[in-house]
Protein chains: 4
Amino acid sequence: MSDKQAFKPVRTKRAFEEICDQIRREIQSGTLSAGDKLPSERELAEQFEVSRSTVREAFRTLEIGGVLSLQKGVKGGAVVMQGDIKPITQTMEDLLSLGGLSLEDYTEARVILQREIIRLACERGTEEDFAAIEANIAELRAAGAGISSDERTRLTQEFYHLLALATKNRAISVVMSAFTEPLVYYIRKIGPDRSWDVAASRAKFLGHLRERDVDAAIAEMVDHMQRLHSYILSQNAAPGAEA
Amino acid sequence: MSDKQAFKPVRTKRAFEEICDQIRREIQSGTLSAGDKLPSERELAEQFEVSRSTVREAFRTLEIGGVLSLQKGVKGGAVVMQGDIKPITQTMEDLLSLGGLSLEDYTEARVILQREIIRLACERGTEEDFAAIEANIAELRAAGAGISSDERTRLTQEFYHLLALATKNRAISVVMSAFTEPLVYYIRKIGPDRSWDVAASRAKFLGHLRERDVDAAIAEMVDHMQRLHSYILSQNAAPGAEA
Amino acid sequence: MSDKQAFKPVRTKRAFEEICDQIRREIQSGTLSAGDKLPSERELAEQFEVSRSTVREAFRTLEIGGVLSLQKGVKGGAVVMQGDIKPITQTMEDLLSLGGLSLEDYTEARVILQREIIRLACERGTEEDFAAIEANIAELRAAGAGISSDERTRLTQEFYHLLALATKNRAISVVMSAFTEPLVYYIRKIGPDRSWDVAASRAKFLGHLRERDVDAAIAEMVDHMQRLHSYILSQNAAPGAEA
Amino acid sequence: MSDKQAFKPVRTKRAFEEICDQIRREIQSGTLSAGDKLPSERELAEQFEVSRSTVREAFRTLEIGGVLSLQKGVKGGAVVMQGDIKPITQTMEDLLSLGGLSLEDYTEARVILQREIIRLACERGTEEDFAAIEANIAELRAAGAGISSDERTRLTQEFYHLLALATKNRAISVVMSAFTEPLVYYIRKIGPDRSWDVAASRAKFLGHLRERDVDAAIAEMVDHMQRLHSYILSQNAAPGAEA
DNA sequence: GTGGTCTAGACCACT
DNA sequence: GTGGTCTAGACCACT
């Protein structure tokens, strides 16, 4: 036997993982597509020669991953979905709260990403896109100072989402969601920055967008984001320390 | 009662989901941190007043999400992890194969992201980063034309990963992985492009990186990526149609 | 989803089985050969990333299969062997006692196989082979009627083994062993056939062998075997019935 | 004390071996039969006055030997099987790859055995047997030149198995499997012999079989086998040398 | 001895 | 009739 390490670590695959793989393979090969209904749990248990619980464990995994939707009732069953971005957002949140990702890196990446979104939005955004953003800003203004925390975060998430939609690239809006939704937790924790008129800043930004003025739009937005981010970072200097 | 919608849709939260939420809340609040061990399944089942299978279902969900690691044996149990980027990559793959995301949007986003990575890598990359990339290119060259499909894709993934590491921003490298790994399936399916000297292109790119020549580096890389992407897109015009 | 059954039964491979496979693969590829010593259990446990008991379970499996020999002590360890025919014989015994193989089929196959052995032995047997057989017969004669059951079966096994050796084909002698050793249990159970002079029959057979008279040798031997087999079959008409 | 050697070597029988022996004895005596369930690991550990792991080691040994099947779950446990030919095939493979058996002897024995199988198949084969063989040949033909390596070897194994079944003697088909399955590794290694129309040869052979023409059938088959065997032998002149 | 994996089968809610 | 929940008890793996 040579001096080199000849053996690879063994990793026993669990039954439910093997089932997930087989189902995903059918999807990749095109045998199963969005909208198709899988056989019942009981029938699949027979096909896979495992117990119903093992099939359920696989179904659950794929449901969490946004691949399947499990419906109850006599007309129910497991239906193939188009996928769901939820797991991406959830994982970003987990990475942040567990320390697998620093808030610094996260916010820096968010700014970089946002710059590219603005660039594309300036290029491809339609008046419909801008009108939707305008309505969002108007709603924020209408709510006034007494706005609830829930409403404020909802409008903020919507604002960033509408902006991402103007890029006409769904992959980019998916990633932007993953870089915005987890912030909600931090924004809630620190409360609103009352010294700053968010609606006014967004309105100015929208103006630049409509004029297709990339640099001005970026300047306005990045300024706002950096202000928010540094506020969050300063408040989270020692995350979990006070718990 | 106002004219606004006053009631929220009823959604019965399943037992295991409630458990996941409780555990995640403990993590976000800092009560539980990476490295901590949870009580045994049997004990938690009693605390939550559910069966052991329900606790397992929750553990499984968090394990898939990279939040927990389930270890066997007498010193085993459920340990809190730092999070795992796997679910992000997996979800991207699912979105692509299920049609929730078009290959066009995905590849466009990949190029946009790569441009920013190169910008940062030119600015922050150290000689260590470049040496690692050089070694990767050398390995590809050494393998020659007879390289196995597995080895080729491994080296490609590593190349993009090493490049992302030079940005010194983990959030960016996480996202880049999510935009590179799912491509493996497509690259495997279409086979290598033998009319193109990948190693040479990468070597030239590395030269530009070392000279901190952002524009030249971007030009070289984007050229290569667009070539690959259009090849993949042309071969996948009708995904699943031939299955 | 089509009407055809799309999924295959899942079979989870256990950790020790995966280890056995990896070791066997190294042997087939020639990286490991007879006489080589494997790393220590502790080292392999690290390489495979499993516990020592799992490595032991794999070692034990390969030891039973005749692939490894486990030596105790300071110079001990797991050494690769040349293989062992024991598992073949053992499995034949198991198949017979469990009903996976009928005694009728087994004895018929034994006669067919023996005929081919005689044919080859007539063709290739040397005087050394015949002298060894002669000595075996002489020993049986010398023991006389008071021969112990153990001694009698030992000499019978040896006789058939020496004959198989005269074929100069080890594959054939391996198979013949698998068709002779399991008979011991039955012969012991029914006791010797005192109306039949076994030594005389074998001596006559040896004479034909020396004269290279295939047909006469086969006739003499097959006659004897069929007599024995029908006696065994008659006594085992209802196997296990009297238990 | 006689001049003969009076003492036998001491060989400490390991605990798990003693347990295996006891269980096998119960099977041979008919106390335990195929389909019976053994007591649980915990209970047997108490009865044998050993640890649970020792019982597991014995169970494992008998499972590998095809004597027991270990089932999980509430209705699970160790169940007695009818035996399994797998260990015979596996041992043959091991003997070949470890050098305990030469490929020359092995292939010669295979031809000798095959001749006897053809003889019996001509005598006892039914139209059902021949039709099954015909279907196998048709499947090979239908697959054409683009047949996958897996499919090709599966059909070859099936062909020889169906032929062996026509002998109506299970002992013979068991041995033939042991002389065919290990060849798969070598056939895979060397790839298909494209200069030879295997399907045509098999079809001609089947014709002779149907006409009960032993000599013609043997001639056709042995010709094919010898061609294959010499090809394998020439390619494996220095096994493991190039590794 | 601990915890993970899997099983068969029960009852329930839903459609 | 389907998925959702739960249980007791077996083997599997680790220390």
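Numbered from 1 within each chain, the chains take letters A, B, ... in sequence-line order.
- D:Leu70 has its CG atom 14 Å from the C1' atom of E:dT5, to the nearest Å.
- Residue A:Ser53 places its side chain closer to E:dT7 than to any other of F:dC12, E:dT7, F:dA13.
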Quiz item: DNA chain F in dot-bracket, Watson-Crick or G-U pairs under 3.5 Å, [ ] crossing, | other strand?
Solution: ||||||||||||||.
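- Following rounding to the nearest Å, A:Lys13 (NZ) and E:dC6 (C1') show an atom-to-atom distance of 18 Å.
- The distance from atom CZ of C:Arg14 to atom P of F:dA13 is 7 Å, rounded to the nearest whole Å.
- B:Arg56 has its CZ atom 15 Å from the P atom of F:dT7, to the nearest Å.
- For the atom pair CD of A:Gln90 and SG of B:Cys20, the computed distance is 9.0 Å after rounding to the nearest 0.5 Å.
- Looking only at distances, a side-chain donor or acceptor of D:Tyr185 sits under 3.5 Å from a matching main-chain atom of C:Gln28.
- Put simply, CG on A:Leu44 is 15 Å from P on E:dA8, counting in whole angstrom units.
- A:Gln71 comes within contact range of the sugar-phosphate backbone alone, with a heavy-atom separation under 4.0 Å but no base atom that close.
- When the P atom of F:dC12 is taken as reference, atom CD of C:Glu18 falls 17 Å away, rounded to whole Å.
- Nearest-nucleotide assignment on DNA chain F puts the 5′-proximal partner with D:Phe59, out of D:Phe59 and C:Ser51.
- Distance from the side chain of A:Glu41 is smallest for F:dG4 among the nucleotides F:dG1, F:dC12, F:dG4.
- In summary, C:Arg14 and D:Glu63 engage in a salt bridge, as defined by a charged side-chain N under 4.0 Å from a carboxylate O.
- No N or O donor and acceptor, one from the side chain of A:Arg60 and one from the base of F:dG4, sit under 3.5 Å apart.
- With hydrogens and angles ignored, a donor-acceptor pair under 3.5 angstrom links the side chain of A:Arg52 to the base of F:dG4.
- With distances taken from any side-chain atom of A:Ser40 to the nucleotides E:dC6, E:dT15, F:dT2, the minimum falls on F:dT2.
- For the pair C:Glu17 and C:Arg11, the salt-bridge criterion is met [side-chain N within less than 4.0 Å of a carboxylate O].
- Using a 4.0 Å cut-off between charged side-chain N and carboxylate O, C:Glu43 and C:Arg52 make no salt bridge.
- Counting to the nearest Å, the P atom of F:dA8 and the CZ atom of D:Arg42 are 15 Å from each other.
- Going from atom NZ of D:Lys72 over to atom P of F:dT7 covers 21 Å, rounded to whole Å.
- Side chain to side chain, C:Thr91 and C:Glu93 fail the donor-acceptor criterion of an N or O pair below 3.5 Å.
- Between A:Thr54 and the phosphate of E:dT7, there is a side-chain N or O to OP1/OP2 separation shorter than 4.0 Å.
- The 5' end of DNA chain E is approached more closely, in terms of each residue's nearest nucleotide, by B:Pro39 than by the other of C:Thr12 and B:Pro39.
- Sorted by first and then second residue, the salt bridge (charged side-chain N to carboxylate O under 4.0 Å, His left out) pairs involving residues 75-84 of chain A (not counting sequence neighbours) form an empty list.
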